[in-house]
Structures are given as structure tokens and as C-alpha cells.
Amino acid sequence: MSAQAAPKPLLSVIGAVKNYGSQPVLDGVSLTINEGDRVGLIGRNGCGKSTLMRMMAGLDRLDAGEITVTQGMRVAMLGQQSDLDRNQTVGEALRAAASELHELLESYQETMRRLAGASEDSREYHQLQEQCDHLHHALDIADGWHPEQESRRVASALRLPSEDQLLSSLSGGELRRLDMATKIILHPDILLLDEPTNHIDTESIAWIEGYLERYEGACVLVTHDRYFLDRVVNRIVELEFSHVYSFPGSYARFLEQKSAVEEVRARSEDNRLALIRRELAWYRRGAQARTTKQKARINRFVEVNEEGPPMQHRDFLFEIPEPERLGKNILEARQITHGYGDRTLFHRFSLYMRSGMRVGIIGPNGCGKTTLVRVLMGTERPGKGEVAIGDTTHFLYLDQHHADVDPAQSILDFVSDGARFWEVGKHRVFVPAYVEKFLFDKESVHMPMGNLSGGERNRLDLVRRLLRGGNFLILDEPTNDLDLFTLRLLEETITAFEGCALVVSHDRYFLNRICTHLLVFGENGEIHEITGNYDDYLLFEERRKEDRVREARAASATAPAPVRRDETARGQKLSWKEKQELEGMEAVILEVEEQVTALEVEMQLPGFYEQPHDLVLTKLDALKTARKRVEDLYQRWQELEARQS
């Protein structure tokens, strides 16, 4: 049996060097992306993940080294900031993305025409044949034979806004989904995704996960979503201390391998220190360094001593100054209703916060999660009902928007308006020492913000807000832009926090780790309160689906619709055929209602909108028709019952 063929390399990074000022970000990094790779690129904030991705996409230049892309391979990158023109409409952005597929299709058709006119014995013929084969393969991978149909399918799956909406009017989540759609429509050979789950709701994340699992090209992604990593990737590449380390398998497998590597490092360091201690004791006993053997031993001691310990990350510490403890009355919402115009976001919702509660808020983008937070904080009044906030309750609000940064502004000016000491309740905080806990040197407080990476700026924005203190945390998408290590520390900090917390997040792993309760936005302004975490919510949803099916069947079998006596039908006897129709009416209604239920259940499955657009539309039309059929059957039943009685 022949050995399995080695995977085909698509993109290679060779000895990449990148510095920002005197600070090295990448130091001789080499990495190969092969056909079929699903690479999760991880590392701490500021380590250079986004920089490496931008260089792979050809958007940033190396200081040294080279990046090679196999001829004909197409690369597309989803950055953390959208590169779409905000003056466009949604439809224009989608058509612009599909235009590359149109060009690919036209190039194939033109090459085929030239091939037909070339002599089969000529060199030109063989070159054109090779080009045709490549273009045909590219069109297959890109599903580019029908660009408009592919655009509609992706737009439907990601639930994009209407095509006539301007990008400038879209929310962060809508713009992110549109940006993702434009990259997916391209179907590049190499897809680079920098934080693809940021500002995207769980339904869209689930669809993207399923899409990437079946993606025929290679993919490199930077994400803090650990469930996403576990489901999608087949290799983890860690960027650490300006070098890369590759681990095959999922994120869970990486943690096992990383733990083993760290244990080996620790044992090696213990052995090195033990050797130094032994040699130092021998040296101090007065051994004469005259013989060759003694000189070799001394030289070995010097080498081991100069080798130094392995590089280690500095300790990181979240610290939230608390002005005072929460009182008995913390926060209570009483039958609050709120919305804008004709749209109700939540209706007759009540909540009573108790000490130690950590409440996650989940729901699709645009359902009103952030509005609910503002109403609960008292920054926006509800349309109906009231919110009572305790006298000792002090909110510490971290929203998903980062402060504008003046590149020339110093870290100290940004964090504390230039003050070296900061008062929080009865506590006095020394700002340089506080900043140091977040992995910034005390002396760096005078450094300009322009010298920092995007991740470091976001971390300092977090420092600036946390310094204000509070005993009730309000976190709106706190996991965006945080690395996995920082995320784990944030989880531990929130879990150990003695106050209360409200957390809006789409990060399922994060919610599982920290939540004691969940608020789930449902239909028609309904909010469900669930005791437990995200796994408990999934069980709740599963039981709700089962209950809906049982209720529909029970209602059809035992609870006929109320009879409406039709005065015009009185005195008209039923024919034999109508009597037969009435007798079988209940069974017919039950059958059609089961069809409705089956279609509704199917549409709630994560993979439903991954199907071809035409099939999705057919199913939606079938559901609409079935619902109308149920209404018509009930009306006919009432009419026949009225005439019979």
C-alpha cells in the first residue's frame, strides 16, 4: 500500500521578521498552510497574531523574510475592522463581492474560447489547457458557476438586512455579518478570519461553524471562542515570545499537549538549577581549577549558568476596586415594558437581583439586550413599569465600544487623566502600580498610546474602566478582543467577585463558566429567566420544543375550536358528503398541524439555512401554506358545526 500523499502547501511564511520600533513582534517566524488546514492561531494580546495574518494576506510588509503563495491561490481576510464602504447599500456590497466570481467565470469562458482556436500541438494549447483546468477547479471550490444564487444563499443563512439598507445605518453585528458574507461569497483558497465571532450572535456563529467544517479551502482563524476552536480547527498554532509552535488537533488537545510541554520545561529548569547548585558547592569547596577535567567542569557550569531560565509570561491580575458592599436591596425590575415606535423589545418583565447572582443575557442581535441593560441601570426609563436601584449599588459598566485614542496621549493621561493617585470610595489607588497588574511596566505610563498594539490598547481601556470601581458589574460583550489567557482570568475574577454581575455575551463557553442565571430573549417581547448556565439553557430549549409538539397534538386531538354560530347557515342541512367531511375534519386538522410543527422544528435546526437558497424558500412557502391551510380548516369546521347544530 502506498503512503498517503503529503498535503499540498498553499502558503508559506519563511523567516518572517517584524518590529515595531525597537520591539520585536515576529522573530524569524516560519509557518506553512497546507490544503485542508483549519488553523487556530492563538497567543496573548500584542503577540502579533493580527500582524502575522495581515502579512499573510499581503496587507502588511515584512522587515525581513518572505511569504510565498502557490500560483493562482486566492487569499481573503476578514479583519477586526470592516473594510467595506459605508456609503454602499447591503446589495451593492454583496454584488461587489460576487463580481470577483463573475470575473473568474468570464476568465474561464474566454480561456475556453482561446483554447478552442489553438492548435493541439502548440505550447499555447497546453498552457491554455492548464489554465482552464485551474480556473475550472477554482470555480468548483468557489461555487462560482452561479454567483447570484450563492450570494442569496449566504445572505439568507446569515440573516442579513434588506439589500436597500445603507451600511452606515447597520449595527455592529449586522455590519460584521455582512463583512463575513462578502468574504464567504468569494470562496478563496485561503480564508483568514481575525475574530470572526466578535459582535455576532449564537445563531450566526453556529452557521459559520458548520460552513467552515465543510469548507474546501484552507482556513486560518484568530478567535477567543473556545467552542468555535474545538469544533472547527484541526491544528493549533501558538504565537509565543515572537516564535510559533504548532500542535495538531483541537483546542482541547492543545491544552493537553501544552501542559505536557510546560511540565518538561519545568523539569528541565529544575535540573538546570540543581546542577548549578551542585557545581557551585563544588566550586566553593576550593577545588583547584588546574586540570583539564576541572577546567571543563567549570566551563560547563558557566555555560549552564549563562543559559538562564526559559522565558515566562509575567503574572497578570484583574483587580476591581469596590467602593462598598452591596446592601440588602440591590436591583429590582417590576413589570417593565419597553420598545421603540411600534416595536416592543420586552414586555412585563420582572427581575429581582440577589447577592452573588451572575446573570447572562442572550438573544439574537437587535433583540434589545443592550437596551435592557440601560433600562436596568437607570440610564433609560422604561415605557411601563419601574426599576428600583439600591442606595449602595454602584454600577461598573463595560460596554463593547472602546474609547477613542489619541496616539500622542500618554498611558497615564488615558487611564487616569494624568493623576498618579485615584480615589475609589475609601480606597486610594496608586495608578502606575495598578497598571502594572495588567502587564504594563510602571515606567511605561509615560509611553504614548500610539506605540501599543490594538490588543494592548483594548486592555488599557479595560484598565481605565475598572479603575473607576463598582460592586455591580455590567458587561456588554466583554470577551471581544481579549486573548484566551486574559479571558480565563476574567472568568476567574467574575466568579470570585463578591458583588453582582449582568453579562451580555454570545460566548457560550464564557457563559457556562460564570453564570448562575440566564435571561433569554424569546418572541413577542418575552424574556425567560433560567437558573443555571448555557448548558442548562440548551436543555430548556430542548424541553420547550418537545412541549410545543405535545401541546399541538393535544390541542388538535382534544380541544376543537370554539363554535361560531353562523346565522346565515341556520336551517341549511348538511349533505351526506358534508357530514363525512365533518366527521373526518379533526383528523385532517391534526395531520396538517403536525406538518406545521415538523416544518417549524426543522427550521430551528442550526443547519437549516445552510441549504440551497431555493430549497429554503420552498420550505418557508410550505410552512406559510400549511399555516393558512390550518386556518381555513378551522373556519370550515366552525361553519359545518354551526349548520349541524
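Looking at R176 and S82, their side chains never bring a donor and an acceptor atom within 3.5 Å of each other. Defined by atom type and a distance below 3.5 Å, a donor-acceptor pair is missing between the side-chain atoms of T89 and D164. Residues E216 and H187 bring no donor and acceptor atom of their side chains to less than 3.5 Å of each other. Residues E195 and H224 bring a donor and an acceptor atom of their side chains to less than 3.5 Å of each other. For the residue pair S246/R235, the side-chain donor-acceptor check at 3.5 Å is satisfied.
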- Message: Could you walk me through whether H506 and K369 satisfy the side-chain contact (heavy atoms from CB on, under 4.5 Å) test, starting with their C-alpha distance in whole Å, then the side-chain angles of each, then the deciding distance to 0.1 Å, before giving a yes or no?
- Response: CA-CA 11 Å; H506 299 304; K369 299 184 296 293; 3.9 Å; yes

- Output, in order, the C-alpha distance, side-chain angles, deciding distance and verdict of side-chain hydrogen bond (donor to acceptor under 3.5 Å, both in side chains) for Y227 and D507. CA-CA 8 Å; Y227 282 147; D507 191 322; over 6 Å; no

- Message: Walk me through whether E213 and R38 qualify under salt bridge (Lys or Arg N to Asp or Glu O under 4.0 Å).
- Response: CA-CA 9 Å; E213 281 184 303; R38 303 283 187 279; over 6 Å; no

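Checked for salt-bridge contact, R86 and E92 miss the test: no charged N lies under 4.0 Å from a carboxylate O. Here E240 does not pair with K49 in a salt bridge; the nearest charged N to carboxylate O distance is not below 4.0 Å. Salt bridge status for D461 with R465: present, with a side-chain N to carboxylate O gap under 4.0 Å. Contact check on K183 versus D83 returns a salt bridge, with a Lys/Arg side-chain nitrogen under 4.0 Å from an Asp/Glu carboxylate oxygen. Using a 4.0 Å cut-off between charged side-chain N and carboxylate O, R253 and D230 make no salt bridge. By the 4.0 Å N-to-carboxylate-O rule, K18 lies close enough to D60 to be salt-bridged with it. Taking 4.0 Å as the cut-off between side-chain N and carboxylate O, R159 and D201 count as a salt-bridged pair.
Listed for the N234 side chain is a donor-acceptor partner under 3.5 Å among the backbone atoms of G36. No donor-acceptor pair under 3.5 Å is formed between the side chain of H517 and the backbone N or O of I530. A side-chain donor-acceptor contact under 3.5 Å links R177 to the backbone of L158. Remark: side-chain polar atoms of T344 are not paired, donor with acceptor, to backbone N or O of H347 under 3.5 angstrom. Although no hydrogens or angles enter the test, the distance criterion places a donor-acceptor pair under 3.5 Å between the side chain of R214 and the main chain of G210. The backbone N or O of R358 sits less than 3.5 Å from a side-chain atom of T516, completing a donor-acceptor pair. Judged by distance alone, with hydrogens and angles left aside, the side-chain atoms of D37 form no donor-acceptor pair with the main-chain N or O of V39 at under 3.5 Å. A donor-acceptor contact shorter than 3.5 Å is absent between the side chain of S156 and the backbone of R153. For the pair T495 (side chain) and E491 (backbone), a donor-acceptor distance under 3.5 Å is present. N533 places a side-chain N or O within donor-acceptor distance of the main-chain N or O of N512, the cut-off being under 3.5 Å.
For the atom pair R74 CZ and L10 CG, the distance stands at 12.5 Å (nearest 0.5 Å). Taking CG from L396 and CD1 from I474, the interatomic distance works out to 9.0 Å, rounded to the nearest 0.5 Å.
In this structure, V222 and L193 have side chains that are not in contact, with every pair of non-hydrogen atoms separated by 4.5 Å or more. Contact check for L84 versus L178: side-chain heavy atoms found under the 4.5 Å cut-off. In this structure, the side chains of R508 and T202 come closer than 4.5 Å at one or more pairs of heavy atoms. The side-chain heavy atoms of Y537 and C515, taken from C-beta on, include no pair separated by under 4.5 Å. For the pair L331 and M377, the minimum side-chain heavy-atom distance is 4.5 Å or more. Side-chain contact check for P9 versus T32: some heavy-atom pair is nearer than 4.5 Å. Side-chain contact between F521 and I361 is present, with at least one heavy-atom pair separated by less than 4.5 Å.
Within a 6.0 Å sphere centred on CD of Q81, other residues, nucleotides and ligands contribute 12 heavy atoms or fewer.
Ring geometry for F346 against F349 counts as perpendicular: the plane angle is over 60°, on a 0 to 90° scale with 30° as the lower cut. Ring-plane geometry between H243 and Y245 is classed as tilted, the angle between the planes lying from 30 to 60 degrees on a 0 to 90 degree scale.
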